[in-house]
Amino acid sequence: MASLEEINTIAGLAHEAFLVLRKSNFRQRAALMNTIADEIEALGDELIQAAHEETHLPVARLTGEKGRTLLQWRSYGAALASGSILDVRIDTALNERTPPRPDIRKTYVGIGPVVVFGASNFPFAFSTAGGDTASAIAAGCPVIVKAHSAHTRTARIMAEAIRRGVKKAGYPEGTFSQVFSSSREGAQLLVKHPLVKAVGFTGSYTGGKALFDIAGQRPEPIPVFAEMGSVNPVFVLPEKIKNAPAEVAQQYAASLTLGVGQFCTNPGIIIIPEGHNEFTDSLVAALAQVEPCKMLHEGIADSYVQNKATVSSQENVQVLLEASSSEKGTGAPSLALTTAGEFLANDTLQEEVFGPFGLVVTYANTGQLEDIARKIHGQLTCTVLGEEEEIRNYEDLLLLITEKCGRLLFNGFPTGVEVVSAMHHSGPFPACTDSRFTSVGPDAIRRFARPVSYQNVPDTYLPDELKNANPLGLYRLVNGKVTQEAVE
Ligand code: NAP
């Protein structure tokens with residue numbers, strides 16, 4: 001682990017870099033992000049091979065994830081340069097009003113150095129060079145990554161590429177740094193450091209909540225944007241399961257086992273009307289055909305076995321399919337069944353089992369279905385499967401479900417998160433610590449940007465995005481009208 005002295009040095013360098021980044025405008029930072037993306041793109045087999053060996057994720061998946069990572073850097077940079085993310089507002093002076101109204105202009109500045117804890121399940125897109133790092137740099141914040149201990153070689157290769165990009169673009173060394181930690185206490189020193197102003201985290205509930213509490217107890221509390229566990233419930237309506245039991249089972253099995261169930265959007269719970277044996281039989285058959293694969297690391301595989309056993313051993317939980325693999329480190333699909341009554345009475349049944357484990361919950365009537373929606377914890381996603389005609393009879397259910405999630409899906413499955421402006425990848429606690437902010441899509445930049453109003457500040461001293469001439473060519477809200485025109 002980096003010593004306290006090293007952390008002080010790294011935080012000091014980040015603070016110096018922050019003062020330089022503060023002077024950069026949106027376009028200049030977008031150029032920095034593109035230069036970093038070019039360096040990541042140039043990384044060849046060595047990167048993919050290292051990640052494959054460290055995470056056991058297939059090469060094809062990793063190649064796709066690298067593309068997604070590049071998309072994040074480039075699309076966040078483009079959104080920044082266009083002005084569509086950190087939206088600028090200008091209300092010019094009204095001198096003739098009594099009392100006169102001053103000239104007020106609002107933009108965003110970086111919050112300060114950000115510490116990023118990457119996830120084990122996305123070694124590229126949510127780790128060293130992941131969305132948190134890209135969005136913090138877009139906002140004008142230097143980043144200190146705490147490398148994930150499950151893929152340190154990958155983390156080193158990525159960090160080198162980012163450093164090359166930072167250097168090429170002419171920014172100070174402290175714009176990006178990475179530390180390795182063998183102890184949790186050591187990593188926590190980063191969160192406690194007075195020069196650190198925000199934290200981005202993707203991982204377990206225990207980890208995210210611990211860091212959130214530490215940040216809140218600092219003399220100067222700072223925000224922690226933690227994305228944690230989620231069971232992503234799927235609510236199936238009666239007509240749907242009656243009309244297409246085998247089809248729903250096939251599609252659910254595919255989503256549940258994708259990437260050995262190691263997605264934050266994995267649909268771990270499916271809620272169906274009671275009395276549909278054809279669905280459960282088809283589901284067991286589909287899951288039994290999926291070969292057990294190696295999980296990300298042994299800790300995750302051990303937790304999978306343990307958490308699955310905890311849920312399966314609860315009262316009135318029936319195991320429908322038990323993992324057949326005995327090879328250590330692998331995750332075999334498993335399935336259990338319970339009733340709405342049991343689910344409503346026992347919170348343990350809501351716990352996330354990270355891996356390809358599904359819990360089928362059967363309901364007797366709409367009242368029970370709504371009770372589940374009321375009881376369910378905050379989620380990244382909730383899904384409704386239903387026929388077009390019947391969905392309109394479930395408006396109350398939809399309202400209840402929408403209160404609990406950041407993304408609502410109809411007749412689809414939640415694995416697969418598009419990197420687009422309209423994406424909201426977040427959700428009410430305990431899925432995330434702040435449901436107002438997404439960690440996917442260019443809006444993720446807002447987490448690390450702080451609004452500042454400039455009142456009666458002479459044009460020369462205004463940041464470029466607020467200047468009368470609009471030198472960056474942004475769309476701005478000027479006196480209530482969106483325009484690219486200069487201010488007279
Ligand atoms: P994790 O154990 O929470 O670790 C994530 C990162 O945070 C790692 O760098 C870890 O350090 C660090 N960390 C965790 N707890 C900490 C603490 N108390 N103090 C300081 N640092 C701490 O997550 P993981 O290894 O990625 O996966 C474990 C579990 O996380 C899974 O079983 C799953 O439940 C959940 N998960 C959720 C998502 C999601 O998207 N929501 C994604 C992946 C995993 P080390 O490197 O030293 O371990």
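Order of appearance sets the numbers: ligands from 1, and atoms from 1 within every ligand. Values below: every heavy atom of this structure, side chains too, minus hydrogens, waters and symmetry copies. Start at 1 with the first residue, then count along the sequence.
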Any side-chain heavy atom of S439 sitting closer than 4.5 Å to one from R447? yes
Do F117 and V224 touch side chain to side chain, with heavy atoms closer than 4.5 Å? no
Residues 54-78 vs ring-ring contact (aromatic ring centres under 6.0 Å, His included), sequence neighbours excluded, gives none
Identify the residue among K168, R74, R164 that makes a salt bridge (Lys or Arg N to Asp or Glu O under 4.0 Å) with D38. R74
Taking all heavy atoms of I48 and all of V59, pick out the closest pair and write down the distance. CG2-CG1, 3.8 Å
Can you list, by chain and residue number, every protein residue with a non-hydrogen atom closer than 4.0 Å to ligand 1? F117, G118, S120, N121, K146, H148, S149, R184, A187, Q188, F201, T202, G203, S204, G207, A210, L211, E227, M228, C264, H297, I300, E352, F354
Could you check whether R153 makes a cation-pi contact with F180, meaning its NZ or CZ is under 6.0 Å from the centre of the six-membered ring and within 45° of the ring axis? no
